[in-house]
Amino acid sequence: MSVSTKAAPAADQEMLISGCAAIAQALRLSDIDVVTAYPIRPYDTVMQAVAKLISNGEMDAEYIVAASEHDQFEIVKHASAVGARVFCGSSGVGWMYAMEAIAVTPALRLPMVALVGNRALDDPGAFGCEHNDALCVRDLGWMLTWVDTAQEALDTALIAYRVAEDRRIFLPCAIGADGAFLTHSEVLVKVPNKEKVDQFLPKYDRGDKMLHPDNPITIAPQVNEDWVMEIRKQNDEAMRRARGVIQEAYRDFHKIFGRQGGNPFVESYMAEDADVILFGQGTLSLPVKVGVRKLREQGHKVGFVRLRWLRPFPTPEVQETLSRAKAVGVIDRDYSFGSPNHGAVLYNEVRSALYDLPKRPHVISFVCGLGGREVTLDSVTEMSEILLKVAKTGKVEQPNYWIGVRG
Amino acid sequence: MTGSIEVVYRGIFQKTLGQRITRGIVLAAVKEGRVGISFGRYGDSPERNGIPAKSFAVVADNEEDLQTYLSRYEPTDNDVTVAVDDTLCKGVESWAWYGLQPINKLTRSGGVVLTTSMQSPEELLEDCHRKDTEWSLAVLKGIASFSGLWVYKDDHTDVRVLGAIARLAPHVVKLESVEAAIRDEWNDELKVTSARKAYERVEARKVRPDEGNPERPYEFQLPKWWEMKEGLVIPGIPVQQDVEGWEGGYRPGRNPTFKKFATRTMRPVVDFEICTKCTLCWLQCPDSCFDVTPTGHYDANMEACCGCGVCEAVCPVENCITMVNESAFGDNASQFEMYEKDKDTYKSWLKGKIEDKATTDRTHGFQLRGKYEEEVQEIIREVTK
């Protein structure tokens with residue numbers, strides 16, 4: 001399909017749009033070639049927003065309505081192999097349904113960018129936010145990042161293309177966006193002009209890996225046990241390189257757009273001198289920061305660290321920001337049933353990252369906000385008080401708390 | 001003490017046969033108070049049409065010795081290597097072992113290669129690659145026990161091989177325990193007789209290191225992780241190559257390391273005199289194995305042909321292409337070159353190949369319904385005589 005597109009606005013604009021619409025703006029600015037759609041809440045608003053941009057003539061991309069989530073990912077996977085810049089996404093069980101296609105993407109080194117509008121895994125048929133859906137790609141070779149505002153969603157989508165399509169990387173990247181709280185809430189978002197984006201984001205060049213009649217290659221042949229370890233090792237090396245490429249991308253982004261100047265991997269909020277630190281990812285950062293400010297007013301040295309990239313995991317930053325505290329509470333909007341200490345996923349990642357430090361804080365697991373339950377100021381206070389007590393006594397009464405569960 | 005048996009078979013057609021032999025070894029070993037495992041060489045290949053595949057049996061005096069083998073794909077020091085199709089003596093090749101593996105490669109020094117064949121040991125030795133140490137070649141007289149897709153041909157080849165193994169490697173299993181295992185498993189005295197007859201009749205011949213096919217089998221090195229192209233990308237094969245020694249003609253590019261002739265049980269022979277150059281064989285060949293000659297004929301390249309028989313099936317000219325048992329050939333030379341050099345010699349060579357019913361009357365069983373039932377009875381009568 002080819003449509004004539006309207007000239008893009010020359011200047012930056014400020015628009016009142018949802019997180020999903022902000023992602024759609026980033027897709028317009030990135031000149032994506034192929035986008036697939038299959039509806040599932042809360043991701044579906046991004047495909048609706050993209051459809052609207054295309055029908056309004058503001059964007060030109062192949063918009064393919066797939067027969068299922070699995071088909072969606074297969075379509076973009078193959079489109080990426082022939083050199084198209086692609087976008088895809090899903091939520092909850094839809095993301096899980098596509099898992100076969102999702103799982104093989106890293107080995108093929110196809111740099112697709114995907115949005116996971118985070119949603120509880122059915123049953124029950126819950127639409128609320130939970131991170132377990134996206135976390136299922138944690139160990140598959142996908143890069144994985146979480147955003148906390150619509151602005152960050154837009155910026156991160158641009159950065160994700162830049163990093164994923166870097167020849168040193170060529171790995172898929174999933175952006176986790178909290179269902180409802182981010183996907184469906186409209187806030188003011190700065191939408192940059194196309195010229196700046198072009199300066200930041202080069203064209204996707206697949207080089208000699210592009211499937212094209214002029215470049216006869218086979219992609220994904222049958223391999224047996226004598227090849228798999230080598231392929232995994234290549235993916236591992238790419239993931240290790242991603243750390244440096246992400247830093248480069250944020251540096252350039254800050255230069256061009258004037259935003260995203262801090263540490264790309266973690267946001268440290270009042271944590272430098274904190275006795276106790278809350279740690280988490282996604283939109284819960286907003287009430288937690290408010291809670292931290294209130295507790296600070298009351299004289300408690302509480303801080304917050306937000307994880308922005310889970311894969312590659314920023315071990316040095318996590319070690320550096322958390323090691324100074326006496327107690328760290330990891331707030332998880334996910335759970336890992338039967339895991340060590342019956343903790344959740346981030347909790348176990350953080351504890352693992354801190355293990356080799358000569359002096360390490362106590363780490364508590366807070367399971368909170370599952371299935372879209374609100375993380376309130378009261379929750380923040382409750383968690384902080386538990387941590388302050390641990391910091392004061394040096395004793396951990398229990399390693400794990402379910403915050404806000406009835407009972 | 002540990003003993004191991006390797007059974008090399010043709011995927012699909014002999015899968016059950018291979019499994020029954022290795023299971024039989026373990027069942028017999030158990031009769032002697034020993035322990036054992038029977039397993040297939042894991043991979044995709046055993047399910048593929050005619051691709052060489054393997055089953056193994058390992059027996060040991062105790063669990064500890066046995067467990068040393070439990071996470072192996074292939075034991076590398078087999079007391080007996082069984083080839084249930086004698087054309088496998090030319091070498092073993094599949095996706096799971098790179099290059100051409102000589103049939104005696106995993107046979108231990110002093111071990112035995114046992115094959116069912118109508119050929120003499122001397123004829124078979126022309127196919128078997130040389131080995132650094134001394135080994136033995138044993139021939140159990142009989143035709144290859146092929147079946148159609150997933151169909152098992154119960155012609156006593158399994159128990160005959162078991163009987164022969166008891167004779168060749170009594171430290172692995174003894175005849176009495178093989179007989180006891182057959183009674184237990186199949187409850188058939190005729191099968192016990194077959195095993196005993198095979199035990200009596202099998203003959204082994206010592207092979208010196210200077211005997212056998214002197215060719216070095218082709219092989220290649222697996223790349224290191226940083227040598228491989230990232231993203232599971234394999235460069236395409238160049239489309240065209242000139243044919244060395246030919247003025248004109250055409251040879252399609254072929255992957256030099258992809259499965260080749262060891263998958264073949266039969267090969268096409270072409271009567272160039274009556275060929276109409278209709279191109280059907282060339283177009284239909286799934287492995288692009290035909291070279292186009294300067295005269296516009298189609299020369300089946302024996303380095304590439306896997307012997308599937310599609311060319312014979314599609315050829316519209318009667319008797320122009322005939323599939324002939326691979327055991328009737330000693331090399332992979334070009335038929336067209338032989339024809340060009342001396343047409344009369346070629347004609348008599350061709351006649352000899354296609355008129356010998358012993359070498360052409362062989363199928364994988366999907367062409368003639370009911371053929372096996374007759375054949376099985378005939379073979380049983382023969383081997384239990």
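Residue numbers start from 1 in every chain, and the chains themselves are labelled A, B, ... in the order their sequence lines are given, proteins ahead of strands. Keep in mind that this is a model prediction, so the values were computed, not measured.
More than 12 heavy atoms of other shown residues, nucleotides or ligands fall within 6.0 angstrom of atom CG in A/D198. In this structure, B/W282 places its CH2 atom where only 12 or fewer heavy-atom neighbours from other residues, nucleotides or ligands lie under 6.0 Å away. The number of heavy-atom neighbours closer than 6.0 Å to CZ of A/R138, taken from other residues, nucleotides and ligands shown, is above 12. Residue B/F220 places its CZ atom among more than 12 non-hydrogen atoms of other residues, nucleotides or ligands, all under 6.0 Å distant. Summarising the local packing, CG of A/D139 is surrounded by more than 12 heavy atoms from other residues, nucleotides or ligands at distances under 6.0 Å.
To the nearest 0.5 angstrom, A/D208 atom CG is 3.5 Å from B/K229 atom NZ.
Within residues 233-245 of chain A, the residues having any heavy atom closer than 4.5 Å to a heavy atom of chain B are A/K233, A/Q234, A/E237, A/R241, listed by residue number.
Among residue pairs with one or both ends in residues 76-88 of chain A, those qualifying as salt bridge (charged side-chain N to carboxylate O under 4.0 Å, His left out) are A/E74-A/K77, A/R85-A/E165; sequence neighbours excluded.
Residues satisfying the side-chain contact (heavy atoms from CB on, under 4.5 Å) criterion with B/T68, sequence neighbours excluded, are absent altogether.
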Donor-acceptor pairs under 3.5 angstrom involving side-chain atoms of residues 93-105 of chain A: please list them, not counting sequence neighbours.
unit_1: A/W95; atom_1: NE1; unit_2: A/D133; atom_2: O; d: 3.1
unit_1: A/E100; atom_1: OE1; unit_2: A/H70; atom_2: NE2; d: 2.7
unit_1: A/T105; atom_1: OG1; unit_2: A/A101; atom_2: O; d: 2.8

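B/L232 and A/P221 make their closest contact through O-CD, 3.4 Å (heavy atoms, listed as atom of the first residue, atom of the second, distance).
Both the backbone and the side chain of B/P223 have a heavy atom closer than 4.5 Å to some heavy atom of chain A.
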Taking it one step at a time, do B/L222 and A/E230 satisfy side chain to side chain contact (heavy atoms under 4.5 Å, CB included)? CA-CA 10 Å; B/L222 286 167; A/E230 287 68 29; over 6 Å; no
